Engineer: 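Right, I'll just put the structure down here and ask away after.
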Amino acid sequence: MSRPPPWTVRPATADDIEAFEAVRIATWKACFRGIVSDEFLDGLTLPPHRIQRCRDVIEDTAGSAVLVARAGDRFIGMGMAEPASDACLESDVGEIRALYVHPDWQGRGVGRALLGALTKALRARGYRAAVLWTLRDLPPTRRFYEATGWDFDGAEGTHDWHGLVHLVRYARDLSEPS
Ligand SMILES: CC(C)(COP(=O)(O)OP(=O)(O)OC[C@H]1O[C@@H](n2cnc3c(N)ncnc32)[C@H](O)[C@@H]1OP(=O)(O)O)[C@@H](O)C(=O)NCCC(=O)NCCS
């Protein structure tokens, strides 16, 4: 019998916000350097409006899901799924809005577990399909999504994080199991 992984995934509570946001910020700083400007990365903090936004998403249990991965008492990953932000998409399309695994824990299956649980949560909330935006120039993350059942759907965009960053959209049908 294979041993269970040394970490667990569970829904987040409001008490987890500072810890899981610290994982998100550490991951941005470690993994996005060279693509996102140093000025933006070095200035990343957790402002009150972001804490409030996380609280609102956690409370929207009918339409959203926020999950954390923990190893012992350490937070090692987080993910958020919400209704799709693009008003052009149908209301039954959900979106993975965040997925981060602390650099010390990447490559051990935590991201796959979080993403599987997020897609399951979206399906349970009635979404038919899901999208996500990721960095165009980050091949490891693009390979991760391609290995977990997502396809680039042709949509591209930019975001200004103290310098333009190119984004690409991935999509998947939720009628198939994860
Ligand atoms: C992308 C990320 C969430 C993946 O999480 P992870 O825990 O490192 O990935 P896993 O170990 O669960 O890998 C899952 C699968 O993807 C594959 N994969 C992961 N990283 C890969 C890479 N760099 N190249 C190729 N395949 C990769 C794994 O081989 C694995 O396949 P398998 O289960 O068949 O062996 C994580 O690396 C991360 O936080 N990256 C930086 C932040 C980021 O880009 N987040 C996404 C923002 S949109």
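Every value quoted in this text rests on a predicted model; they were computed, and no experiment measured them. All ligand and atom numbering here is 1-based and tracks the order in the structure.
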Engineer: Please work out which of the three classes, parallel, tilted or perpendicular, describes the rings of Trp28 and Trp161, given edges at 30° and 60°.
Structural biologist: perpendicular

Engineer: Which of these passes side chain to side chain contact (heavy atoms under 4.5 Å, CB included) with Val68: Thr8, Val23, Asp16?
Structural biologist: Asp16

Engineer: Give the residue, atom name and distance (to 0.1 Å) of the protein heavy atom nearest atom 5 (O) of ligand 1.
Structural biologist: Gly111 CA, 3.3 Å

Engineer: Are Asp104 and Arg74 ion-paired here, with the side-chain N under 4.0 Å from a carboxylate O?
Structural biologist: yes

Engineer: Which residue owns the protein heavy atom closest to atom 22 (C) of ligand 1, what's the atom, and how far is it?
Structural biologist: Pro140 O, 3.7 Å

Engineer: Test Arg53 against every option in Glu59, Glu82, Glu21 by the salt bridge (charged side-chain N to carboxylate O under 4.0 Å, His left out) rule and name the one that passes.
Structural biologist: Glu82

Engineer: Where the closest heavy atom to atom 20 (N) of ligand 1 is concerned, which of Trp133, Tyr170, Phe144 has it?
Structural biologist: Phe144

Engineer: Please indicate whether any nitrogen or oxygen in Val101 is less than 3.5 Å from any nitrogen or oxygen in ligand 1.
Structural biologist: yes

Engineer: Which of the atoms in ligand 1, numbered in the order shown and given with their element, are less than 4.0 Å from a heavy-atom of Gly107?
Structural biologist: 6 (P), 7 (O), 8 (O), 11 (O)

Engineer: Can you find a side-chain donor-acceptor pair between Asp173 and Ser175 that sits under 3.5 Å?
Structural biologist: yes

Engineer: Thr134 heavy atoms, cut-off 4.0 Å: which ligand 1 atoms fall inside?
Structural biologist: 48 (S)

Engineer: Measure the acute angle between the ring planes of Phe152 and Tyr170, then classify it against the limits of 30° and 60° as parallel, tilted or perpendicular.
Structural biologist: tilted

Engineer: Quick one: nearest non-hydrogen protein atom to atom 31 (O) of ligand 1, plus distance?
Structural biologist: Arg112 NH2, 3.5 Å

Engineer: Find all atoms of ligand 1 within a distance of less than 4.0 Å from any non-hydrogen atom belonging to Leu138, and give their numbers and elements.
Structural biologist: 44 (O)

Engineer: Compute the shortest N/O to N/O distance between Gly109 and ligand 1 and return yes if it is under 3.5 Å, no if not.
Structural biologist: yes

Engineer: Can you check which of Arg143, Arg97, Met78, Gln106 brings a heavy atom nearest to atom 36 (C) of ligand 1?
Structural biologist: Gln106

Engineer: Looking at Asp86 and Arg169, is there a salt bridge between them, counting it only when a charged N and a carboxylate O are closer than 4.0 Å?
Structural biologist: yes

Engineer: Which residue supplies the protein heavy atom nearest to atom 44 (O) of ligand 1, what is that atom called, and how far is it?
Structural biologist: Thr141 OG1, 2.6 Å

Engineer: Taking Gln106 for the side chain and Val101 for the main chain, is one N or O donor matched with an acceptor at less than 3.5 Å?
Structural biologist: yes

Engineer: Taking distance alone, with no angle check, do Tyr100 and ligand 1 share an N/O pair under 3.5 Å?
Structural biologist: no

Engineer: Check whether any protein heavy atom sits under 4.0 Å from atom 39 (O) of ligand 1.
Structural biologist: yes

Engineer: In ligand 1, which numbered atoms sit nearer than 4.0 Å to a non-hydrogen atom of Cys31?
Structural biologist: 41 (C)

Engineer: For the pair Arg10 (side chain) and Leu67 (backbone), establish whether a donor and an acceptor sit closer than 3.5 Å, ignoring hydrogens and angles.
Structural biologist: no

Engineer: Using a 4.0 Å heavy-atom threshold (strictly under), name the region of Trp7 that reaches ligand 1: side chain, backbone, both or neither.
Structural biologist: neither

Engineer: What atoms in ligand 1 come closer than 4.0 Å to a heavy atom of Phe32?
Structural biologist: 42 (C), 43 (C), 44 (O)

